[in-house]
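Written below as structure tokens is the structure these notes are about.
Ligands are counted one by one from 1 in listed order, and the atoms in each one are counted from 1 as well. Note that this is a predicted model, so its numbers are computed, not measured.
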Amino acid sequence: MNTDLALIGLDELSALVSTMGFPGWRARQVLDWRKRGVLDPAAMNNIPMKLRQALQQHWPEPVIQLRQRQYSEDGTRKYLFALRGGGQVETVMIPEEKRITICLSSQVGCVLDCPFCNTGLQAFEKNLEAAAIVAQVWMVQQDILQQPVRQSRATRPTHLVYMGMGEPMANEAGLHDSLRFFLAEDGMGLSRRRITVSTSGLIPQIERLGAAWPVNLAISLHSADNELRNTLVPINRKYPLPALRQALNAWPLPAQRHITLEYVMLAGVNDRDEDAERLIAFVNKGRERVNLIRFNPHPGAGYQGSSRQHMDAFASLLVKAGVRATIRRSRGDDIMAACGQLRAASGQ
Ligand code: SAH
Ligand code: SF4
């Protein structure tokens, strides 16, 4: 078994260090480096050279490597990573006053082909192993320490959202193993309230996630009309709205929390009054909130976003009917880092 440095636990690492002929406490030093985002044993300069070399031999290739970094005017940063074994993904860091949110990728491409999504237009290549998901956070951590984020008082990532490239529920092993690490005391020790998994609605996977790791759930709804959702979110053909409704009602929701229904607003497609009415009828008001997302254009998209004014009007229809609705502020769109704009061609 060769657990990656990105997510190895203290006990396991101590045992490994002992078999390399060094005292187990050296493992703590290695994990202190990891806390600073350093995953390359060669750079751990308070550790004996022989141990560094042994660790490097044990993990000859890092699970991901930084290829490119882009900084947006609003403080958002986008990273391009190359994966061990091929393929590339993007990760986004979004600063707010008290938070630093990391938007994680879970797959290269996506098989689900939602027609408005840039990732969906890219052919599916592979699932990320859990270590590659976790390493995205370490690498961002390292960047934040090197180049402090002026737009936030936070100095380390506070929130994680699985909303980057790919459908996390279609990479169940990577999703569950990375969550185990993020939530574990001897992993990242994050509260489950700070982690959100977004899915287009794979029902058995939603049930299994709720049973294993009940973090925050976000559903890419985009239409409350079954026919229209078949086109916008094609997985709806397999798991139609009535089944989704049941799964949402059964989701283990803690007190004071809500499920988020994401709704990207496409002009003339799902933003009409009748769409609002269907949405109002679908929402379980006590448990769910609607998050209206501005459509982020990208080359190849055959859709236009609803205007800001129209989004406001649509939101007021919802609010008048007692549905809690917010409009998501778009971040990082000047560097193509906004929702649904991520895409990384392999072999670049
Ligand atoms: N596969 C998962 C998570 C990644 S997508 C899912 O579909 O939920 C994250 C969110 O961005 C989803 O709600 C997705 O529908 C939305 N999105 C995709 N393309 C978009 C675009 N061009 N503009 C705005 N939002 C988009
Ligand atoms: Fe895949 Fe989500 Fe994009 Fe749909 S919206 S193609 S599920 S990444």
Side-chain angles (χ1 to χ4, degrees), residues 78 89-92 94 101-128 133 136 160-172 174-175 178 195-203 205-206 209 215-224 228-239 244 247-248 259-267 269-271 279 288-306 308 311 326-333 336-344:
K78 185 169 82 165
V89 289
E90 293 181 317
T91 305
V92 181
I94 307 144
T101 302
I102 302 186
C103 182
L104 298 167
S105 287
S106 55
Q107 299 184 308
V108 184
C110 182
V111 282
L112 296 181
D113 295 337
C114 304
F116 55 87
C117 171
N118 207 11
T119 308
L121 294 176
Q122 185 188 344
F124 173 74
E125 272 180 55
K126 69 186 221 185
N127 283 329
L128 267 64
I133 298 176
Q136 294 171 53
L160 304 179
V161 296
Y162 287 75
M163 293 189 188
M165 291 166 58
E167 167 53 55
M169 298 280 190
N171 175 8
E172 221 174 355
L175 173 65
S178 57
I195 302 180
T196 302
V197 174
S198 175
T199 177
S200 52
L202 281 72
I203 308 252
Q205 285 87 335
I206 292 176
L209 183 71
V215 292
N216 299 313
L217 183 67
I219 300 288
S220 292
L221 187 68
H222 307 320
S223 171
L228 179 56
R229 193 164 191 268
N230 280 344
T231 340
L232 293 180
V233 188
I235 193 69
N236 192 68
R237 292 171 194 273
K238 189 163 177 196
Y239 301 117
L244 182 60
L248 295 186
I259 298 171
T260 303
L261 303 178
E262 299 164 282
Y263 198 100
V264 62
M265 297 215 50
L266 306 169
V269 176
N270 66 353
D271 70 347
L279 183 53
E288 294 161 10
R289 282 187 197 175
V290 174
N291 193 203
L292 300 174
I293 309 174
R294 205 182 64 174
F295 173 65
N296 293 307
H298 49 85
Y303 293 98
Q304 293 220 307
S306 316
R308 179 78 215 192
M311 286 181 74
T326 48
I327 298 181
R328 182 184 294 176
R329 199 151 62 103
S330 185
R331 301 291 303 268
D333 47 358
M336 288 285 285
C339 292
Q341 290 185 313
L342 302 186
R343 175 176 192 152

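- Only the backbone of D113 comes within 4.0 Å of ligand 2, counting heavy atoms alone; no side-chain atom from C-beta on gets that close.
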(request) Quick one: do Q205 and T199 satisfy side chain to side chain donor-acceptor pair (under 3.5 Å)? Show the steps, please. (result) CA-CA 10 Å; Q205 285 87 335; T199 177; over 6 Å; no
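- Heavy-atom contacts of E167 reach the following atoms of ligand 2: 7 (S) (cutoff under 4.0 Å).
- Remark: ligand 1 atoms within the under-4.0 Å shell around heavy atoms of H298 are 22 (N).
- In this structure, the separation between OG1 on T231 and NE2 on H222 is 13.0 Å, given to the nearest 0.5 Å.
- The CG atom of L128 lies 8.5 Å from the CE atom of M165; values are rounded to the nearest 0.5 Å.
- For ligand 1, the atoms closer than 4.0 angstrom to any heavy atom of G166 are 1 (N), 2 (C), 3 (C), 4 (C).
- Using a 4.5 Å heavy-atom threshold, the side chains of L279 and L221 count as touching.
- Results of the side-chain hydrogen bond (donor to acceptor under 3.5 Å, both in side chains) test with E167 over S198, S220, S106, S200 single out S200 as the only residue that passes.
- Taking a cut-off of under 4.0 Å to the non-hydrogen atoms of C117, the atoms of ligand 1 that pass are 18 (C), 19 (N).
- If you number the atoms of ligand 1 from 1 as listed, the ones under 4.0 Å from a heavy atom of H222 come out as 13 (O), 14 (C), 15 (O).
- Numbered from 1 in the order shown, with element, the atoms of ligand 1 that lie under 4.0 Å from a heavy atom of G164 read 4 (C).
- What sits closest to atom 9 (C) of ligand 1 on the protein, heavy atoms only, is M163 O, 3.5 Å.
- Atom 4 (Fe) of ligand 2 has its closest protein heavy atom at C114 SG, 2.4 Å.
- With hydrogens left out, the protein atom closest to atom 20 (C) of ligand 1 is G340 CA, 3.3 Å, a heavy atom.
- Where the criterion is an N or O separation shorter than 3.5 Å, residue side chain and backbone included, E167 meets it with respect to ligand 1.
- Checked against a 3.5 angstrom limit, the closest N/O atoms of S220 and ligand 1 fall inside it.
- Smallest separation of non-hydrogen atoms from N270 and V264: ND2-O, 2.8 Å.
- In this structure, the side chains of I235 and L202 come closer than 4.5 Å at one or more pairs of heavy atoms.
- Remark: ligand 1 atoms within the under-4.0 Å shell around heavy atoms of E262 are 10 (C), 13 (O).
- Residue contacts with ligand 1 leave out M165, since none of its heavy atoms falls under 4.0 Å from the ligand.
- If you check which protein heavy atom lies closest to atom 21 (C) of ligand 1, you get C339 O, 3.4 Å.
- The option with the heavy atom closest to atom 7 (S) of ligand 2, from among S200, G201, S220, G109, is S200.
- Distance CZ/R328 to CE/M265: 13.5 Å, rounded to 0.5 Å.
- Under 4.0 angstrom from ligand 1, the non-hydrogen atoms of N296 come from both its backbone and its side chain.
- Among the backbone and side-chain atoms of C117, an N/O/S atom is found under 2.8 Å from atom 3 (Fe) of ligand 2.
- In this structure, V89 and L104 have side chains that are not in contact, with every pair of non-hydrogen atoms separated by 4.5 Å or more.
- Closest heavy-atom contact between T196 and A218: CG2-CB, 3.9 Å.
- V197 has its side chain within reach of M169: a pair of non-hydrogen atoms, C-beta onward, lies under 4.5 Å apart.
- A 4.5 Å side-chain heavy-atom check between D271 and M311 finds every atom pair outside the cut-off.
- For ligand 2 and C110, the ligand atoms under 4.0 Å from any heavy atom of the residue are 1 (Fe), 6 (S), 7 (S), 8 (S).
- Rounded to the nearest 0.5 Å, atoms CD (E288) and CD1 (I219) are 8.5 Å apart.
- When heavy-atom distances to ligand 1 are checked against a 4.0 Å cut-off, T199 comes that close only through its backbone atoms N, CA, C and O.
- Of all the listed residues (P234, S198, G166), G166 holds the heavy atom that lies closest to atom 8 (S) of ligand 2.
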